[in-house]
Amino acid sequence: MRDYLQAQLRAVLDTLGDVPPDFEIALETPDRPEHGDLATNTALRLGSVLDDNPRAIAETIAERLRERVDPARIQSVEVAGPGFINVRFAQDYLFDGLADLLAQGDAYGRSDAGDGQRALVEYVSANPTGPLTVGHGRNAVLGDTIATLLDWTGYDVTREYYYNDAGRQMRVLAQSVRARYEALATPDLDTKTLTLDDDTTVEVPEGFPEDGYLGEYITDIARSLYDEHGAKLLTTESLTPFQEAAEEAIFADIEATLAQLNIEMDAFADEQSLHDEGRVEAVLDGLTEAGLTYEEDGALWLKTTAFGKDQDTVLVKTSGEPTYRTPDIAYHITKFERDYDLMIDILGADHHAAYPDVLNALDALGYDADRVDVVLYQFVTLVRGDEPVKMSTRRANYVTLDDLIEKVGADVTRFFFLMRSPDTHLNFDLELAEEESEKNPVFYLQYAHARICSVVDKAEEVGFSYDEDADLSLLTHEAEIALIKELLRFPKALRDAADARAPHLVPNYLEDVATAFSQFYDNCQIIGVDDDLATARMQLALAAKTVLKNGLTVLGLSAPRQM
RNA sequence: GCGCUCGUAGCUCAGUCGGACAGAGCAUCGGUUUCCGGUACCGAAGGCCGGGGGUUCGAAUCCUCCCGAGCGCACCA
């Protein structure tokens, strides 16, 4: 409909003369029903271009539009206010749309806007040094839902998880496990005292790294190694068995957490392979050839000042190890080599200063960095009552994503992260978590869905049989028409959310649908009225169920038959 | 000091490309049930859209300055 109207308006503008051919025609859904179903401010914006009264321009456009528009689709074209042109849909258009919705069923809402382009969404990407935090949860749920939105809008989507297994972090992790293992294998081993940032102290085994990981899970991993190997590993110098055991155990944990949230990755990419395949070296060579590096103080620097930054950035440390940026660039090159049209990275706000380096480097190396789209999300702040909850990955005294899921459930957890714009800082009061979960709008959506299921059950119970070729034109009640219009917005709502990488638009939309359904339900009896009308209303209820179900599915939420 | 993201009702947040009287949920107060799920529906109250200046026919939205919050500005990731 939008496309149709856009084309008709364009044709009308061509008859006016003096309108630039690239003049943009903006169509919007007005807030108020009395302003019609679609409105355009074209005449207002043409006022200055044509140097004429907007109201007069609007009258001219409206008149010519009425002449050429198909009455089966458009009921009326009116000029209102300072020069808005309000268009009202014909009822037949609504009924045709509703019939189409019902025919599409589970596929309703899908579109081919992406035209089969290949998209890679990289998300989670937490390094396997400990359980996922609530912050990782936001990343995971955002990435997963953006991936689903792209899938529904016609992209061929791959979900990928990248992790750094080559750097210092993993070495410290392995050393931490090893120290705990040594303590288990040597009960009288000396201990030492570590003083942490907050001036608290903790007793650790002698060989424990200064900045080691203190979580209980480290000891668990050490214990399972001890159970399996006894004291044998004491004789080996290598950290490899410790690192491998830690990585395996922690990854199993992470994947289990993700599975609880309905998240399954298609692929994992690791940093070590990039080193092994010489890709990191190749990046350094490439950047050096491009004249973007220099050596100073024993390190290799990237001239980020050439990209407008106020300082240069280290690519290779004096130790000879690259900083994470270098393999990151190499990793992104593998994405290009795998021929993705669109690459989306989901990153926390703390990365915002770093990712431009990667994009600029890619650009300098001849890759089209415009195909990489970074979605930044703000941090999740946890509070308990009025007290902020201190989080430290190192101490593992944080609230894990598992804790949160256990407390409020997977649906609420997902919805909580999805209902707000990625740009907003999330405040989460743990003390009120359970109470709040009962007020969470996700239940409002699920309740509406369950209610429709209940009506279907009731119909069967009382022996009311409704068939598919209902006379939908019997749906004339204000609440019925409003619900139909709401339901027909679904595909556009998904496209908008996908295009803007803004999952929160979907919950917002679905709340409108649930409200429209509840109002319809409240005003219009279904079972028990005249059979033809009852049949038509039943079909409308099923259409609402379809949209709610599909919408919840896109969000990765369950659509329960009863609550 | 510099950069990024923000600041909208008591609280948590929407607000499309600059458009019509600024919205929702929760909390508060009031109303609705012989009938398909009242976990619902209807209504009331609640706003200097952080503040000043500017652009525009029109600004919560764009520009600028100021105030406030979070996050960066590592040879950590």
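Convention: sequence-line order gives letters A, B, ...; per-chain numbering from 1.
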- Query: In the strands shown, is B:U39 matched to any nucleotide by a Watson-Crick or G-U wobble pair with both distances under 3.5 Å, and which?
  - Reply: none
- Message: Could you tell me how far B:G46 sits from B:G10 if I compare only their P atoms? Round to whole Å.
- Response: 11 Å
- Message: For a quick check of understanding: with a heavy-atom distance under 4.0 Å over all strands, which category does A:A448 fall into, base, sugar-phosphate or nothing?
- Response: nothing
- Counting side-chain heavy atoms from CB outward, which of B:C75, B:A14, B:G72 is closest to A:A299? B:C75
- Message: For A:F268, run the ring-ring contact (aromatic ring centres under 6.0 Å, His included) check against A:Y161, A:Y162, A:Y123, A:Y331 and tell me which one passes.
- Response: A:Y161
- How many Å lie between CG on A:N127 and P on B:A77, as a whole number? 9 Å
- Query: Hey, is the main chain of A:A470 close enough, under 3.5 Å, to the side chain of A:D532 for a donor-acceptor pair?
  - Reply: no
- Residue pair A:R451/A:G167 against RNA chain B: nearer the 5' end by closest nucleotide is A:R451
- Task: Determine the contact category for A:L445: base if any of its heavy atoms lies under 4.0 Å from a base atom, sugar-phosphate if only primed atoms, P, OP1 or OP2 are that close, otherwise nothing.
- Result: nothing
- Nearest-angstrom distance, C1' atom, B:A20 to B:C29: 31 Å
- Taking only the side-chain heavy atoms of A:L44 (C-beta and beyond), determine which of B:A69, B:C75, B:G19 contains the nearest atom. B:G19
- Task: Tell me yes or no: between the side chains of A:T515 and A:Y444, is some donor less than 3.5 Å from an acceptor?
- Result: yes
- Item | Any N/O donor-acceptor pair, A:R32 side-chain to B:C21 base, under 3.5 Å | yes
- Message: Taking 5.5 Å and 30° as the limits, would you call A:H35 and the base of B:A20 a stacked pair?
- Response: yes
- Query: Taking the side chain of A:A450 as heavy atoms from C-beta outward, which of B:G37, B:U5, B:A20 is closest to it?
  - Reply: B:G37
- To the nearest angstrom, the NZ-C1' distance between A:K309 and B:G3 comes to 9 Å
- Message: Need one value for A:R561: base, sugar-phosphate or nothing, where a base atom within 4.0 Å counts as base even if backbone is also close, heavy atoms only.
- Response: base
- Indicate yes or no: does A:K485 engage A:D512 in a salt bridge with an N to O separation below 4.0 Å. no
- Query: Between B:C71, B:C36, B:A14, which nucleotide gets closest to the side-chain atoms of A:D350?
  - Reply: B:C71
- Query: Between B:G19, B:C2, B:U5, which nucleotide has the shortest distance from any of its atoms to the side chain of A:Q378?
  - Reply: B:U5
- Note on the structure: Rounded to whole Å, CG of A:D31 lies from P of B:A22 at a distance of 11 Å
- Query: Separation of A:F23 atom CZ from B:C17 atom P, in whole Å?
  - Reply: 16 Å
- Item | N/O donor-acceptor pair, side chain A:H351 with base B:G72, under 3.5 angstrom | no
- Message: What contact category does A:C453 fall into here, base, sugar-phosphate, or nothing, at under 4.0 angstrom with non-hydrogen atoms?
- Response: nothing
- Query: When the C1' atoms of B:A59 and B:G70 are considered, how many whole Å apart are they?
  - Reply: 26 Å
- Across the strands shown, which category fits A:D457 at heavy-atom distances under 4.0 angstrom: base, sugar-phosphate, nothing? nothing
- Message: Could you tell me how far apart A:D357 (CG) and B:A74 (P) are, to the nearest whole angstrom?
- Response: 11 Å
- Could you work out which one of B:G72, B:C75, B:A20 sits closest to the side chain of A:T318? B:C75
- Query: Ring centres of A:F490 and A:Y509 under 6.0 Å apart?
  - Reply: yes
- Message: Just the rounded figure in Å: distance from P of B:G19 to CD1 of A:I57.
- Response: 19 Å
- Query: Base, sugar-phosphate, or nothing: which does A:Y521 touch, judged by heavy atoms less than 4.0 Å apart?
  - Reply: base
- Message: Suppose you measure atom C1' in B:U16 against the same atom in B:U55; what distance do you get, rounded to whole Å?
- Response: 22 Å
- Query: Which base sits across from B:G53 as a Watson-Crick or G-U pair, both distances under 3.5 Å?
  - Reply: B:C63
- The Watson-Crick or G-U wobble partner of B:A45, with both key distances under 3.5 Å, is none
- Regarding the side chain of A:A39, the nearest nucleotide among B:A20, B:C73, B:C6 is B:A20
- Please work out if A:E271 contacts a base, only the sugar-phosphate, or nothing of the nucleic acid, heavy-atom cut-off 4.0 Å. nothing
- Item | Closest to the A:R45 side chain, choosing from B:C73, B:C71, B:G19 | B:G19
- Item | B:A60 and B:A22, which share atom name C1', separated by this distance in whole Å | 8 Å
- Query: Rounding to the closest angstrom, what is the interatomic distance between B:C42 and B:U33 at atom C1'?
  - Reply: 13 Å
- Query: So A:D499 and A:R495, salt bridge (Lys or Arg N to Asp or Glu O under 4.0 Å) or not? Walk me through it.
  - Reply: CA-CA 6 Å; A:D499 289 347; A:R495 277 201 304 279; 5.9 Å; no
- Which whole number of Å gives the distance between the C1' atom of B:A45 and that of B:A27? 12 Å
- Task: Would you mind classifying the nucleic acid contact of A:F443 as base, sugar-phosphate or nothing, using non-hydrogen atoms under 4.0 angstrom?
- Result: nothing
- Task: Tell me what A:Q446 touches on the nucleic acid: a base, only sugar-phosphate, or nothing, going by heavy atoms under 4.0 Å.
- Result: nothing
- Does a side-chain N-to-carboxylate-O contact under 4.0 Å join A:K303 and A:D312? no
- Message: Would you say CD of A:Q272 has more than 12 non-hydrogen atoms from neighbouring residues, nucleotides or ligands within 6.0 angstrom?
- Response: yes
- Note on the structure: Against the side chain of A:Y444, the closest entry in B:A40, B:C76, B:A20 is B:A40
- Task: Look at the side chain of A:S518 against the base of B:C41 and say whether a donor-acceptor pair falls under 3.5 Å; ignore hydrogens and angles.
- Result: no
- Message: Measuring only the P atom in each nucleotide, how far is B:C26 from B:C41? A whole number of Å is fine.
- Response: 9 Å
- Query: Base, sugar-phosphate alone, or nothing: which one does A:N41 contact when heavy atoms must sit under 4.0 Å apart?
  - Reply: base
- Query: Is there side-chain contact between A:F415 and A:L445, with heavy atoms separated by less than 4.5 Å?
  - Reply: yes
- Task: Establish, with yes or no, whether the OP1 or OP2 oxygen of B:A14 is under 4.0 angstrom from a side-chain nitrogen or oxygen of A:T424.
- Result: yes
- Task: Both distances under 3.5 Å, Watson-Crick or G-U wobble: report the partner of B:G10, or none.
- Result: B:C26
- Item | Toward the 5' end of RNA chain B, by each residue's nearest nucleotide, A:T323 or A:K458 | A:K458
- Under 4.0 angstrom between A:Q562 side-chain N/O and B:U39 OP1 or OP2: no
- Using only heavy-atom distances, determine whether the side chains of A:Q446 and A:D411 contain a donor-acceptor pair under 3.5 Å. yes
- Note on the structure: Whole-Å distance, A:E511 CD to B:G25 C1', equals 7 Å
- Counting any heavy atom closer than 4.0 Å, what does A:A349 reach on the DNA or RNA strands: base, sugar-phosphate only, or nothing? sugar-phosphate
- A:Y447 aromatic ring stacked with six-membered ring of B:G37, 5.5 Å and 30°: no
- Would you say the base of B:A14 and the side-chain of A:D512 have a donor-acceptor pair closer than 3.5 Å? no
- Item | Base-pairing mate for B:A69 - Watson-Crick or G-U, with both contacts under 3.5 Å | B:U5
- Task: Measure from the side chain of A:E28, starting at C-beta and using heavy atoms only, and say which of B:G72, B:G15, B:A20 lies closest.
- Result: B:A20
- Could you give the CD-to-P distance, from A:Q519 to B:A24, as a whole number of Å? 11 Å
